[in-house]
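The structure appears right after this line, and notes come after that.
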Amino acid sequence: RVLSPHSEKYMSIVDTPEVTPERARYYDRIRDHGLSPLWMVFNRLITREPKSQCHPHLWRYDILKPLLMEAGELITAREAERRVLILENPGMPDSGRITTSLYAGLQLVLPGELAPAHRHSQSALRFVVDGDGAYTAVNGERTLMSPGDFVITPPWTWHDHGNESDAPMIWMDGLDIPVLQFFDASFAEPYGEEEQPVTRKTGDSLARYGANMLPVDFERTRLASPIFNYPYDRSREAIDRMRRQDEWDPCHGLKLRYINPVDGDAAMPTISAFIQLLPNGFNTAAYQSTDATVFSVVEGRGYSIIAGDRFDWTPRDTFVAPSWALVTHHPAEESVLFSFSDRICQQKLGIFREQRHDA
Ligand code: 1HN
């Protein structure tokens, strides 16, 4: 008999023993003592390769936006605390997860609205999708947000959002909620007032920490980056300048990771974030990695093949690639993709793996 690569036998490293009546009676008896036979579950616990509940999926912005605007008429940002539609993975319904370890959602803040100040032990990122000029305040400093900006809210920092522009503002939130659930380590509290006091001028942290320099007597007080807005004009310019050198990675095009300038690590302790440029007609070589990845399309048009399924994308769409799924990108125009994953978390634990298929 030829083994299908997806058969239980191929994926397993041992055979699950048969259940005789005698064994079944024994299993029943030990259950009452809080015991369970490892040999009956071994293949579920230890797989040859990642077996994920997470499905590849794409959320079209043209479908999502009207639904989010409808939420804008149903509930205020204040009443909702955060008016967000969770991007929930179809393979994990009701889980609040986009991947096994990460949460993502699209948040709407209407002109004149406030999302009240609070803090939590979860790390959060914002990736601006639509609208211009709303702010988020983190640790006493406001930053105005524009499309393509990557903004972070490190663990346990006070944060509130407001929109003093005259257009709706929509961004993608990415949080490590499932990671903190796994560790039972969630803490949260409201600030008590709608807004935290502004104590620093807008642009202060980018000036201090965002010019490849640090204040001369800088002392580290936390793991996350002291920069909290990585503006798109700067990231775009960086990949644009790289392009002139013409050294394209077969799997990634031109890809950069967002870093904490203090140590070159990811901007936050649990979430890695990336931006990549793919030129028109550049078909990437297949790539797989253990970090399930959320993509947000910034510019361009094309499709990606994820675990054999095709996902056509245009700007502001979100799509997700599960752990160890084979991924190729096929831009039909010059395209820019933002992405985030738990890679930094896995790297710190020594379990990250990737496989390129560009030989
Ligand atoms: C949160 O604090 C924000 O601050 C967004 O904008 C989404 C989802 C779950 C828990 C906290 C925000 C969130 C969140």
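Atoms within a ligand are numbered from 1 in the order they appear, just like the ligands themselves.
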Parallel, tilted or perpendicular: rings of Tyr26 and Trp39 (30°, 60°):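 Answer is parallel, since the angle falls under 30°.
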Ring geometry between Phe338 and Phe127 (parallel below 30°, tilted from 30 to 60°, perpendicular above 60°):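 Answer is parallel, since the angle falls under 30°.
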Please list, in number order, the atoms of ligand 1 under 4.0 Å from a heavy atom of [X].
| X | result |
| --- | --- |
| Arg126 | 3 (C), 4 (O), 5 (C), 6 (O), 12 (C) |
| Tyr103 | 7 (C), 8 (C) |
| Gln107 | 5 (C), 6 (O), 12 (C) |
| His118 | 1 (C), 2 (O), 4 (O) |
| Arg82 | 1 (C), 2 (O), 3 (C), 4 (O), 5 (C), 6 (O), 12 (C) |

Residue part near ligand 1, for Gln122, under 4.0 Å between non-hydrogen atoms: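 None of Gln122 does.
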Whether Glu88 side chain and Asp94 backbone form a donor-acceptor pair below 3.5 Å: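 Yes, because the side chain of Glu88 sits within donor-acceptor range (under 3.5 Å) of the backbone of Asp94.
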Check: Asn163 side chain, Val109 main-chain N or O, donor-acceptor pair, under 3.5 Å: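 Checked: pair present.
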Rounded distance (nearest 0.5 Å) linking atom CZ of Arg343 with atom OG1 of Thr290: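 The OG1 atom of Thr290 is 8.0 Å from CZ of Arg343, to the nearest 0.5 Å.
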Protein heavy-atom partner closest to [atom] - residue, atom, separation in Å:
| atom | value |
| --- | --- |
| atom 5 (C) of ligand 1 | Asp173 OD2, 3.4 Å |
| atom 11 (C) of ligand 1 | His120 NE2, 3.7 Å |
| atom 6 (O) of ligand 1 | His161 NE2, 2.5 Å |
| atom 10 (C) of ligand 1 | Ile177 CD1, 4.0 Å |
| atom 14 (C) of ligand 1 | Leu175 CD2, 3.9 Å |

Pair listing, side chain to side chain donor-acceptor pair (under 3.5 Å) test, anchored in residues 296-305, at least two apart: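 Applying side chain to side chain donor-acceptor pair (under 3.5 Å) to every pair that reaches into residues 296-305, excluding sequence neighbours, yields Tyr232-Glu299, Arg236-Glu299, Arg301-Glu333, Ser304-Trp313, Ser304-His329.
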Sequence neighbours excluded, every pair satisfying side chain to side chain donor-acceptor pair (under 3.5 Å) that has a member inside residues 250-266: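 Qualifying pairs, neighbours excluded: Arg220-Asp263.
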Closest non-hydrogen atom pair between Lys348 and Pro269, with its separation: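 Minimum heavy-atom separation between Lys348 and Pro269: NZ-O, 2.7 Å.
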Short N or O distance, Trp171 and ligand 1, threshold 3.5 Å exclusive: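 There is no such contact.
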